[in-house]
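First, the structure itself, so that you have it in front of you.
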Amino acid sequence: MKIGLFIPCYIDQFYPQVGVATLELLEKLGCQVHYPDKQTCCGQPLANSGAESAATHIYRHFVQLFHTYDYIVAPSGSCTYHVRKHFDCIEQTGEVQHVRKHTLDLSEFLLDVLKIDALDSRFPYKVGLHQSCHGLRGLRLGPDSERVSQERSKLGALLGMVEGLELVDLKRPDECCGFGGTFAVNESVLSVKMGKDRIADHENSGVEVLTAGDMSCLMHLEGIIRRQGTGLHVKHIAEILNGVQL
Amino acid sequence: MMEHAQKASRFIENESRTDWHDASLWFIRTKRDRVAHNIPEWEQLRELASQIKDNVLANLDAYLEQFEAQALKNGVKVHWAADAEAHNRIVHDILAGHGVRRLVKSKSMLTEECHLNEYLSRQGIEVVDTDLGERIIQLREEPPSHIVMPAIHLKKEEIGELFYEKLHTEKGATDPAYLTEAARRHLREKFVGADAAITGVNFAVAETGGVVVCTNEGNADMGVHLAPLQIHCMGIEKIIPRAADLGVFTRLLARSATGQPVTIYTSHYHRPGPGREMHIVIVDNGRSAQLGRPDFRNSLKCIRCGACMNTCPVYRRSGGHSYGYTIPGPIGSILTPGIDLKKYGDLPFASSLCGSCSDVCPVRIDIHQQLYRWRQVVVKEGGLPLVKRLVLNGAAWMLSRPAVYGFFGKLMRKAMRRLPRRFLYNRFNEWGKGRELPEPPRQSFNEWHKQNRSRS
């Protein structure tokens with residue numbers, strides 16, 4: 001099985017440890033992982049700003065780099081969703097269709113392809129899971145509070161495999177954090193208010209470490225937490241699954 | 001551009017009030033969740049409703065003609081209005097023909113959309129909104145901030161103050177029961193003295209020619225039964241094919257709107273009473289243009305439950321008035337660009353695209369996908385300011401060139417580490433206004449990988 005690792009641009013630039021954790025975790029699970037080093041971005045920042053047509057060069061570049069892999073794995077529900085959902089605006093060649101079908105979020109790859117049911121990691125903390133919207137409502141990585149469904153939460157299942165980890169119940173289990181890509185700067189006051197409210201829910205519920213499947217939400221939340229100067233820790237789920245310690 | 005962002009900022013300036021507004025609407029959202037989750041077949045109901053509306057939108061012309069023929073057969077007078085102006089003129093002609101001076105109205109977002117009240121007032125006709133929330137905002141001379149709960153932005157103290165001033169209640173009264181009783185007495189007088197009643201329409205049944213109005217206060221019935229003349233104003237999209245389809249929608253509507261199993265009153269109007277007149281005004285006002293836009297047509301499935309507003313994290317923290325249109329929130333943001341792209345072009349951007357609206361929508365409108373698609377239209381039509389266009393094009397150029405991307409990434413991280421704080425957190429740095437920037441690492445993942453995993 002040929003696995004291509006896709007590390008989204010903001011993880012590449014700002015959170016390399018999340019890329020490393022993803023790579024190490026996959027390697028520990030016996031995967032041969034390739035990282036095409038000419039990769040840049042999925043194009044979402046442009047497309048969500050309305051410049052989908054300008055993003056098509058980026059889409060083609062992405063497909064050209066990744067179409068030879070059986071699976072393309074990314075530690076991001078949002079970028080994965082963008083590839084799967086929005087690469088529909090370029091010509092649907094066999095290569096494009098292959099890439100759209102086989103780009104998976106890390107949690108999907110671990111549970112649906114590798115079908116793991118145990119992990120060798122320990123994280124003895126109270127953890128709050130932020131359900132990033134594109135993973136939750138786009139990729140359906142779990143049940144959301146709006147729909148009536150019996151799905152299981154993929155991120156919840158993975159965190160359940162970590163020894164000592166206590167997953168904390170939140171008052172609002174799946175409200176948006178307010179990142180929203182360029183929304184974060186176009187509507188910065190509103191975006192920060194949404195983030196503050198999310199953080200307060202985690203803090204009031206006794207969370208010690210806030211995690212998510214998307215580093216973009218966490219970049220926003222972490223930025224607010226650092227500005228506020230409170231002690232809440234922030235870790236991407238790949239780091240926790242890979243056995244990071246505080 | 002970004003008028004919504006400015007209004008939202010002003011709204012949030014009063015943070016405790018923002019929290020109160022957010023909590024009030026979230027309370028309704030959770031009530032909705034509880035009743036929805038009590039119905040095991042909830043998702044099938046949504047799908048069914050969505051498909052019925054698909055059928056309606058695909059055959060709208062035929063259903064409208066069927067509806068008109070049935071209504072005429074029932075002795076109803078049917079009028080067609082191409083736009084708001086025609087609608088107002090038609091309504092006024094009917095009223096003038098009967099010498100109407102005083103009119104009671106039950107809640108109708110369509111007449112709000114057409115600004116009927118202002119039009120009739122200018123012609124010397126007294127219009128009284130009889131839905132409590134609508135009456136409150138009418139007395140305050142402001143637009144509704146929500147389509148189901150028009151005065152949800154107001155606190156009971158403010159309503160007490162308003163009623164003291166307008167209805168002469170006791171000063172400082174805030175007891176909801178007392179204030180409601182005062183409104184009730186005030187409205188009873190208006191009902192009794194009215195020469196005509198206008199209602200909106202929730203559903204118009206093509207098969208029977210009847211219209212259905214859902215209220216909690218019974219004010220539509222009160223108006224219609226007391227006045228000798230009744231007028232029902234409806235958008236062309238209110239059609240459902242058969243009476244048998246109605247149950248699908250009434251089960252969804254009240255649960256989605258307020259978390260009630262059903263509205264207190266579901267009133268069916270088929271024909272005028274003896275010696276009375278019943279009119280139906282069918283309004284287009286931009287709807288057929290929306291029907292002609294394949295990407296956006298299914299916004300016309302909307303049954304005006306307001307669930308997308310209650311669930312929207314943006315709406316709850318910016319208030320209905322921040323949208324600048326009768327129908328605010330996510331659904332308003334996909335309806336308005338089709339009305340005036342220049343004026344409302346910022347609304348599709350007033351969203352984090354979290355998708356909660358689409359999942360809560362009882363007729364499964366893909367609201368957040370339409371927001372995304374409207375953004376593409378706005379940019380294509382040149383709706384972005386030059387600076388943003390340049391930034392986006394620059395980013396597109398960089399992100400399709402790996403070497404350039406790597407170079408600029410490294411440069412940016414270096415600059416972020418070395419530049420003084422006051423330089424980085426300048427007034428153009430919107431991110432930095434409420435947040436810290438990420439701490440830039442010395443090595444990108446790409447650089448780390450080159451050093452540590454040279455084999456691939």
Side-chain angles (χ1 to χ4, degrees), chain A residues 7 9 11-16 19-20 23 33-35 37-41 43 45-46 48-55 57-58 61 133-134 137-138 144-149 172 175-176 178-180 183-195 197 219-220 222-224 226-227, chain B residues 2 4-5 8-9 12 18 22 26 33 36-37 39-40 42-43 311 313-314 317-318 349-356 358-360 372 375-376 378-380 384 388 392-393 395-396 399-400 402 405 409 412-413 430-431 433-438 440-441 443-446 448-450 453 456:
Chain A
I7 298 299
C9 53
I11 294 184
D12 175 43
Q13 292 299 326
F14 293 125
Y15 302 98
V20 174
L23 178 63
V33 185
H34 295 256
Y35 170 76
D37 69 354
K38 299 276 184 284
Q39 60 181 278
T40 56
C41 170
L46 293 159
N48 280 7
S49 306
E52 193 179 54
S53 55
H57 299 294
I58 304 171
H61 176 68
C133 301
H134 290 174
R137 299 193 187 82
D144 63 3
S145 55
E146 294 89 5
R147 291 181 316 138
V148 178
S149 80
R172 300 188 188 183
E175 183 162 70
C176 178
F179 171 66
F183 174 80
V185 291
N186 287 338
E187 294 248 17
S188 64
V189 174
L190 191 45
S191 165
V192 168
K193 175 62 182 151
M194 286 164 72
D197 290 353
M219 173 167 72
H220 161 69
E222 186 207 29
I224 300 170
R226 279 173 46 223
R227 177 64 59 89
Chain B
M2 296 327 284
H4 182 271
S9 305
I12 295 170
T18 306
D22 167 67
W26 184 257
D33 290 350
H37 285 259
I39 301 206
W42 182 256
E43 298 305 323
T311 204
V314 169
R317 291 175 183 81
S318 64
F349 294 88
S351 161
S352 60
L353 300 181
C354 77
S356 181
S358 304
D359 276 358
V360 89
Y372 177 90
R375 291 180 184 190
Q376 313 307 325
V378 170
V379 171
K380 204 169 281 169
L384 270 196
K388 275 189 187 165
L392 286 175
N393 286 332
L399 290 171
S400 41
Y405 159 77
M412 169 190 64
R413 280 181 284 119
E430 283 294 329
W431 179 276
K433 283 178 184 163
R435 284 163 293 220
E436 292 297 297
L437 293 161
Q443 237 177 7
S444 67
F445 177 80
N446 198 307
W448 176 90
H449 193 268
K450 271 200 184 80
R453 299 283 196 286
S456 60

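As the structure is a prediction and not an experimental result, all values here were calculated from the model. Note that these values count all heavy atoms, side chains included, but never hydrogens, waters or copies made by symmetry. A, B, ... follow the sequence lines: proteins, then strands. Residue 1 opens every chain.
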Neighbour count >12 (heavy atoms, 6.0 Å) for atom NZ, B:K433 | yes
Using a cut-off of under 4.5 Å for heavy-atom pairs, which of B:P441, B:P440, B:S318 has the most such pairs with chain A?
-> B:P441
Considering only NZ, NE, NH1 and NH2 on the basic side and carboxylate oxygens on the acidic side, decide whether B:D22 and A:K193 come within less than 4.0 Å.
->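 Here B:D22 does not pair with A:K193 in a salt bridge, since their nearest N and O are not under 4.0 Å apart.
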Separation between OG of A:S149 and NE2 of B:H37, rounded to the nearest 0.5 Å | 8.0 Å
Find the distance between CD (B:E43) and CZ (A:R147) and round it off to the nearest 0.5 Å.
->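 Answer rounded to 0.5 Å: 6.0 Å.
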Go through B:G409, B:P438, B:G355, B:A396 and name the one with the most non-hydrogen pairs under 4.5 angstrom from chain A.
->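 The candidate making the most pairs under 4.5 Å is B:P438.
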Over all heavy atoms of both residues, which pair between A:D197 and B:R317 is shortest? Give the atoms and the distance, please.
->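 Smallest heavy-atom distance, with atoms named: OD2-NE, 2.6 Å.
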Do the non-hydrogen side-chain atoms of B:E436 and A:R227 ever get within less than 4.5 Å of each other?
-> yes
CE-CH2 distance between A:M219 and B:W431, expressed to the nearest 0.5 angstrom =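 A:M219 atom CE to B:W431 atom CH2 measures 4.5 Å (nearest 0.5 Å).
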Can you find a pair of side-chain heavy atoms, one from B:R453 and one from A:Y35, that are under 4.5 Å apart?
->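 Counting from C-beta outward, B:R453 and A:Y35 never come under 4.5 Å.
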Closest non-hydrogen atom pair between B:V314 and A:M194, with its separation =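 So the two residues come closest at CG2-SD, 4.1 Å.
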Kindly compute the distance separating OG (B:S352) from CG (A:L190), expressed to the nearest 0.5 Å.
-> 8.5 Å
When only pairs under 4.5 Å are counted, which of B:N446, B:N393, B:V360 shares the most heavy-atom pairs with chain A?
-> B:N446
Which pair of non-hydrogen atoms, one from B:A5 and one from A:E187, has the smallest distance, and what is that distance?
->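 Residues B:A5 and A:E187, closest heavy atoms: CA-OE1, 3.2 Å.
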Quick one: pull up CZ in B:R435 and CZ in A:F179 and give me the separation to the nearest 0.5 Å.
-> 8.5 Å
Return the minimal non-hydrogen interatomic distance between B:Y405 and A:Q39, and the atom names on each side.
->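 So the minimum-distance heavy-atom pair works out to CE2-O, 4.0 Å.
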Do you know which of A:S49, A:C133, A:G50, A:S145 has the most heavy-atom pairs under 4.5 Å to chain B?
->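 Ranked by heavy-atom pairs under 4.5 Å with chain B, first place is A:G50.
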Can you measure from CD (A:E146) to OG (B:S356) and round to the nearest 0.5 angstrom?
-> 3.5 Å
Per-residue contact mode, B:R413 against chain A (heavy atom under 4.5 angstrom) =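 When you check distances to chain A, only side chain atoms of B:R413 fall under 4.5 Å.
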Per-residue tally against chain A (heavy atom, under 4.5 Å) across B:I39, B:T311, B:T18, B:L353 peaks at B:L353
Do A:N186 and B:E430 come close enough that some side-chain heavy atom pair is under 4.5 Å?
->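 A side-chain contact is absent here, since even the closest heavy-atom pair is not under 4.5 Å.
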If you count heavy-atom pairs under 4.5 Å with chain A, which of B:A8, B:S351, B:P40, B:A36 comes out on top?
-> B:S351
Against chain B, label A:E175 side chain, backbone, both or neither, depending on which of its atoms sit under 4.5 Å from a heavy atom there.
->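 When you check distances to chain B, only side chain atoms of A:E175 fall under 4.5 Å.
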Is it the side chain or the backbone of A:H134 that comes within 4.5 Å of chain B heavy atoms, both, or neither?
-> side chain
Would you say B:K450 has more than 12 foreign heavy atoms packed within less than 6.0 Å of its NZ?
-> yes
Identify the residue among A:L23, A:I7, A:D37 that makes a side chain to side chain contact (heavy atoms under 4.5 Å, CB included) with B:H449.
-> A:L23
